[in-house]
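Quantities reported herein were computed from a predicted structural model and do not represent experimental measurements. When a ligand or atom number is given, it counts from 1 through the structure's own listing order.
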Amino acid sequence: MRSHSLRLVIWLATVALAGIVIIQILWLDKAFRFKEKQTDSSIFIALKNVAEKLLMYNDNPSTLVNPVKQVASNYYTVMINDVIDAKFLEMSLKNELEQRGLFLDFEYVIYDCSGNKLVYGNYIEAEKNAFKSKINNSTLASLPNFNHDNYYFGVFFPKRSEYLLGQLDVWIFTSVILLGIIVFFAYAVWVLLQQKRLSEVQRDFINNMTHEFKTPISTIAISCEVLLKPEIIKTPERLLNYATIIQNENNRLKKQVENVLQLATFEKKDLHLNKEAININDLIRKVIKNIDANLKNTNTQVVLHLSEKPVVVNADSMHITNLMYNLLDNAIKYSKENPMITIYTENKKNGILISVEDNGIGIPKNAQKQIFQKFYRVPKGDIYDIKGYGLGLSYVKIMIEAHKGNIRVESEEGKGSKFIVELPVS
Ligand code: ADP
């Protein structure tokens, strides 16, 4: 699928999902408000009935005008200005709430109107289909009776919100399913993008390989053409010359194929490390000496800031040498002119640190994580002039991890890059 149509499909699917989520939230909110209204009015009527029952119980013929007031979302007061028998009040509250299926914890308090004093209160716990009766008949009988005619009571529902949410179980279930769908969708998009990236990386790799092989193949073709001319027999030195070219180019091709195949199939599990105590400072000096010709050719200056004390680590010297070659090779390759490389080593608390810094073209922020992946090369037009297969840093990372170390890069485009390697001592 082409890039922009893939992006369009992802966008459309995201917008559709966002729409479904918004509708679900709106419906959930509507259902919650509806349930809230229903519960509030049931509580209101239950409390009004309790107030009327109390008056009847007290043989009070007067009628109450709006005795129930919802002071807060979960707190009601009921003005009766009469005698309150706590036992009767508690039983009536339970009965009225029970009749309406309102099984939620409540706390009732009795106030004395004259001084607005709290005189009694109790907490009643609700179970699934009943109210828990902590009090037995004897405690019930001992509940106080307030005999003056100026009391009112308040009822507080501390778990009202949880109760309301519990009533929306079907809605919550469908919301969880929707969430599952979104997670699955996000995962599918992630896999799709990973696949797309992989195919892009492979395409770049193939382009790159083709480019690398083209030159020796065409050199061989030209040489063969010359050799096929009959008059070449007359100039044996030319014949030898072209045969040597073919042999050299053929060797180069062979070496390149071997390198690529070896690196491309290289995995951590194939590794056999021949560990020995190596002095990193000596190893670095040796590597610099070996690449001296390349440094001169490219006008590269190397500055060494090596720790004065020997930096010794237990590692496979062949692989550590290779990875130093790779880091230095990149530092030279990805610098425009007069490369300047600074190598630093340090003994740390539990290991050693090596850094290789250059003043090259730098690596864009979004590519810094990916450069350690196999076949990845920063996709930038002019970089393709620089030879490579995107395998060097993946080798470096695999090696460092096999030694239980880590590598990271700090880089700014146009200013340079710094590769920092940490290896444990043992
Ligand atoms: P190769 O150099 O063969 O392409 P590597 O795995 O060594 O492969 O590097 C991967 C990519 O990381 C390179 O293609 C390049 O884009 C980027 N890169 C690596 N080292 C540097 C560096 N020192 N400066 C800038 N870019 C770098």
Side-chain angles (χ1 to χ4, degrees), residues 197-198 200-215 252-253 255-268 284 287-288 291 294-295 298-305 319-344 354-402 405-421:
R197 200 194 61 77
L198 203 72
E200 277 169 6
V201 162
Q202 274 170 354
R203 188 198 58 209
D204 289 350
F205 174 68
I206 289 166
N207 286 347
N208 203 19
M209 278 238 314
T210 322
H211 179 76
E212 297 274 306
F213 288 132
K214 250 186 193 158
T215 325
R252 209 173 109 193
L253 270 177
K255 214 165 150 224
Q256 261 181 7
V257 171
E258 269 169 16
N259 272 348
V260 171
L261 289 181
Q262 208 179 34
L263 281 172
T265 54
F266 189 81
E267 293 294 344
K268 213 192 269 180
I284 291 172
V287 169
I288 300 290
I291 58 165
N294 190 11
L295 294 176
T298 50
N299 216 8
T300 304
Q301 194 191 338
V302 178
V303 182
L304 296 180
H305 282 296
H319 288 306
I320 302 292
T321 307
N322 284 347
L323 76 85
M324 277 311 298
Y325 275 126
N326 283 357
L327 291 180
L328 289 171
D329 191 40
N330 280 351
I332 302 169
K333 270 196 315 190
Y334 298 104
S335 294
K336 279 198 169 127
E337 53 205 26
N338 303 332
M340 163 119 162
I341 304 173
T342 310
I343 307 176
Y344 174 89
I354 312 165
S355 76
V356 178
E357 188 174 359
D358 63 58
N359 60 343
I361 57 174
I363 304 162
K365 278 267 165 308
N366 58 355
Q368 286 178 14
K369 264 204 183 136
Q370 305 182 62
I371 54 172
F372 297 103
Q373 289 169 10
K374 223 185 243 183
F375 303 129
Y376 182 84
R377 306 198 77 206
V378 175
K380 207 163 154 195
D382 56 346
I383 285 190
Y384 287 113
D385 300 342
I386 304 168
K387 289 194 170 83
Y389 300 108
L391 289 167
L393 286 180
S394 86
Y395 167 83
V396 170
K397 191 166 162 57
I398 290 174
M399 274 312 146
I400 287 169
E401 284 177 354
N406 65 70
I407 180 165
R408 62 180 194 279
V409 63
E410 289 169 5
S411 181
E412 207 176 315
E413 258 186 296
K415 290 205 169 156
S417 313
K418 184 176 178 180
F419 286 85
I420 302 154
V421 175

What atoms in ligand 1 come closer than 4.0 Å to a heavy atom of [X]?
{"X": "L393", "result": "5 (P), 6 (O), 7 (O), 9 (O), 12 (O), 19 (C)"}
{"X": "G390", "result": "1 (P), 3 (O), 4 (O), 6 (O), 8 (O)"}
{"X": "L391", "result": "6 (O), 8 (O)"}
{"X": "G392", "result": "5 (P), 6 (O), 7 (O), 8 (O)"}
{"X": "K333", "result": "1 (P), 2 (O), 3 (O)"}
{"X": "Y376", "result": "10 (C), 11 (C)"}

Q | ligand 1-proximal atoms of F419, by part, heavy-atom distance under 4.0 Å | A |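 The side chain, only.
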Q. Which bit of I363 gets closer than 4.0 Å to ligand 1, counting heavy atoms only: side chain, backbone, both or neither?
A.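 The side chain, only.
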With heavy-atom distances below 4.5 Å as the criterion, would you say the side chains of [X] and [Y] are in contact?
{"X": "S394", "Y": "F372", "result": "no"}
{"X": "V409", "Y": "I363", "result": "yes"}
{"X": "Y395", "Y": "K374", "result": "no"}
{"X": "E357", "Y": "I420", "result": "no"}
{"X": "D358", "Y": "I332", "result": "no"}

Q) At the 4.0 Å heavy-atom cut-off, does S417 count as touching ligand 1? A)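 Checking ligand 1 against S417, which is what was asked, there is a heavy-atom contact under 4.0 Å.
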Q. Measuring from the heavy atoms of N326, does anything fall under 4.0 Å of ligand 1?
A. no
Q. Looking only at heavy atoms, which two atoms of V421 and L327 are closest? And how far apart?
A. CG2-CD1, 4.2 Å
Q. At their closest point, which heavy atom of I371 faces which heavy atom of Q368, and how far apart are they?
A.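 Taking every non-hydrogen atom into account, CG1-O, 3.2 Å.
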